[in-house]
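The next block holds one structure in the form of structure tokens; read it before the comments.
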Amino acid sequence: MDEEIQRLEQDQQSVSKYAEQYQRFPEQMNQSRNSVSQIVEEHRLKLVRIDPYGKIEEAQQSNEQMLDRLKLGEVPVTAQHAERASLLLAEAVQITQRLADLKLKNARDIQSIVTKLSQYAAQDRELSALTARAQTQYRGKYWEQAWRQYREELQAVDTVQSALRRVTQWCNEDVQEYEQARSELDHILALLQKLDQAAEHYSDLIRKLDHKLEEAKQMQASAEDSFAQGLHTIDRHRICSNWLQQEKSLAAMQSSIRQLLAQQPYDMDLLTDTGTRFMNEANQFLSAVERAAIQKQNVEQELARMEQPYRSSSAKYGSRLNVHQYGSQFSSISTDVDRLMHNGAYDEAARKSGILTAMEQAYESIIRQERQQEEAAARQAANRNTSGNSSGGSSWGNNNNSNSSGGSSW
């Protein structure tokens, strides 16, 4: 019973709502009709393929059907007619506005396409000039396929020009086939987009090839500079080492990349690989040579530092230190160092300095011994002086005593 009462209350509320909607409908219908008329007049539309006013009439019929069903108490069917009436009014305005928007959009796209078509001839001349240069500079495997693709897409220009004439006719104020024109315009724009992408891809490809060529030339210049610096460093510092194999390898790579750059069209893969390898190995060569030069200089300084103390100390302590064993060591190490230096093993030569440490330790030991001996002698002398002074004082006192006794006796 409660559910029945609740349903009746809901139906009563629905009846009131739809009754109000029926009463408001004439005003809503007039608003929709005025909106459609305003759009039509503003854009001078002929409404060839659409009938917004017919939809407004259909909405009015649905509104009346809603009232009939409402009187019969058929609330669900009433709701359907009410919803359809509202949708038809909104749709009448929407299709009219869409037609107006299409008219404007079509006009903008037509103008854009006309502008693009006028630019393709100049663009084609530029790309043809790039191609003439590419034929001379680069192997065909790098660019010919992209060029063919561009030329195929370029054929769309004739198709577009023909289609554009039809579209222009459809958009004429006396024809106003804007929907049909829109479909054709979308197709035209898709063709031109493919053409633009092919042209951009081709020009970008040539730019990348140019960039790779410039990089290869820069790598060549950098590698040759490093190679030359390395050779100059070897000559200036008279570095002895087995550089011959590296020099031959670098000279061969230098000759190879020069030949590659002298022979057009270029094989960019081979040119890039050769240039990269040449630059890396030349930089490694220069680093190794500079490191060897520093090591050689350090060893030479160490040898000079070793020999001077040895000679001076031998002369100074020769009478007190058996330097024969150190002299033998020094001669042996000097021979080893000379051999290592001649072979360019500067890092190993630098480690042959143990004799200096041994001799310095021996010299310091002698100095400590002599100092200790001198200090001991000084202490002994001081002790003797102290003892002598003490004995002289007692004797002097005895003499005084004798004198006193003598005096007294006297």
Side-chain angles (χ1 to χ4, degrees), residues 127 129-148 201-302 336-352:
L127 295 183
L130 282 181
T131 303
R133 181 167 63 81
Q135 288 174 333
T136 302
Q137 286 188 317
Y138 307 115
R139 300 283 179 89
K141 63 181 180 179
Y142 298 113
W143 57 269
E144 284 180 347
Q145 183 177 355
W147 172 249
R148 285 194 298 268
H201 173 67
Y202 180 69
S203 60
D204 184 60
L205 187 149
I206 300 299
R207 284 194 298 270
K208 288 180 178 178
L209 288 172
D210 291 342
H211 181 66
K212 289 181 69 175
L213 177 59
E214 184 62 28
E215 281 187 335
K217 291 179 178 179
Q218 291 175 357
M219 285 190 293
Q220 177 208 14
S222 175
E224 292 194 354
D225 183 62
S226 295
F227 186 27
Q229 285 187 46
L231 294 175
H232 178 69
T233 302
I234 291 174
D235 183 62
R236 185 179 63 178
H237 293 277
R238 299 179 182 178
I239 302 174
C240 299
S241 186
N242 188 18
W243 306 106
L244 185 59
Q245 185 175 357
Q246 286 181 274
E247 291 177 18
K248 287 183 177 179
S249 176
L250 288 169
M253 282 188 282
Q254 179 174 261
S255 175
S256 177
I257 195 170
R258 286 179 177 179
Q259 290 178 2
L260 289 174
L261 286 170
Q263 296 174 357
Q264 295 185 357
Y266 300 124
D267 186 329
M268 290 307 302
D269 293 330
L270 182 58
L271 185 59
T272 300
D273 290 344
T274 304
T276 301
R277 190 170 70 256
F278 182 31
M279 183 181 67
N280 290 339
E281 294 193 16
N283 289 337
Q284 292 174 4
F285 171 72
L286 177 59
S287 296
V289 169
E290 289 177 339
R291 184 167 57 254
I294 294 172
Q295 289 174 341
K296 181 175 183 291
Q297 184 179 12
N298 292 339
V299 171
E300 290 171 344
Q301 291 175 352
E302 182 68 11
D336 289 344
V337 168
D338 288 340
R339 176 179 55 80
L340 293 169
M341 293 280 284
H342 181 74
N343 293 332
Y346 302 116
D347 52 346
E348 187 176 353
R351 292 192 291 269
K352 292 284 187 175

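The side-chain heavy atoms of Q254 and F278, taken from C-beta on, include a pair separated by under 4.5 Å. A heavy-atom distance below 4.5 Å is not found between the side chains of L260 and D267. Contact of the I234 side chain with the F285 side chain is registered, since non-hydrogen atoms from C-beta on lie closer than 4.5 Å. Between K141 and D269, some side-chain heavy-atom pair lies under the 4.5 Å cut-off.
For Y266, the side chain to side chain donor-acceptor pair (under 3.5 Å) partners at least two apart in sequence or on another chain are Q264. Scored by the side chain to side chain donor-acceptor pair (under 3.5 Å) test, Q297 finds no partners at all (sequence neighbours excluded).
Residue pairs meeting the salt bridge (charged side-chain N to carboxylate O under 4.0 Å, His left out) criterion with at least one partner in residues 276-296, sequence neighbours excluded, are K296-E300. Evaluation of the salt bridge (charged side-chain N to carboxylate O under 4.0 Å, His left out) test over residues 245-262, restricted to residues two or more places apart or in two chains, returns E224-R258.
Within a 6.0 Å radius of CD in Q145, no more than 12 heavy atoms belonging to other residues, nucleotides or ligands are found. For K208, the NZ atom counts as loosely surrounded, since its 6.0 Å shell holds 12 or fewer non-hydrogen atoms of other residues, nucleotides or ligands.
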Acceptor/donor pairs from residues 225-233 side chains to any protein atom, 3.5 angstrom cut, sequence neighbours excluded:
residue	atom	partner	partner atom	Å
D225	OD2	Q229	NE2	2.7
S226	OG	S222	O	3.2
S226	OG	N283	OD1	2.8
T233	OG1	Q229	O	2.8

Expected list for residues 130-137: side-chain donor-acceptor pairs under 3.5 angstrom, two or more places apart:
residue	atom	partner	partner atom	Å
T131	OG1	L127	O	2.8
T131	OG1	Y202	OH	2.6
R133	NH1	Q137	OE1	2.7
R133	NH1	D210	OD1	2.8
R133	NH1	D210	OD2	3.3
R133	NH2	D210	OD2	2.8
T136	OG1	A132	O	3.4

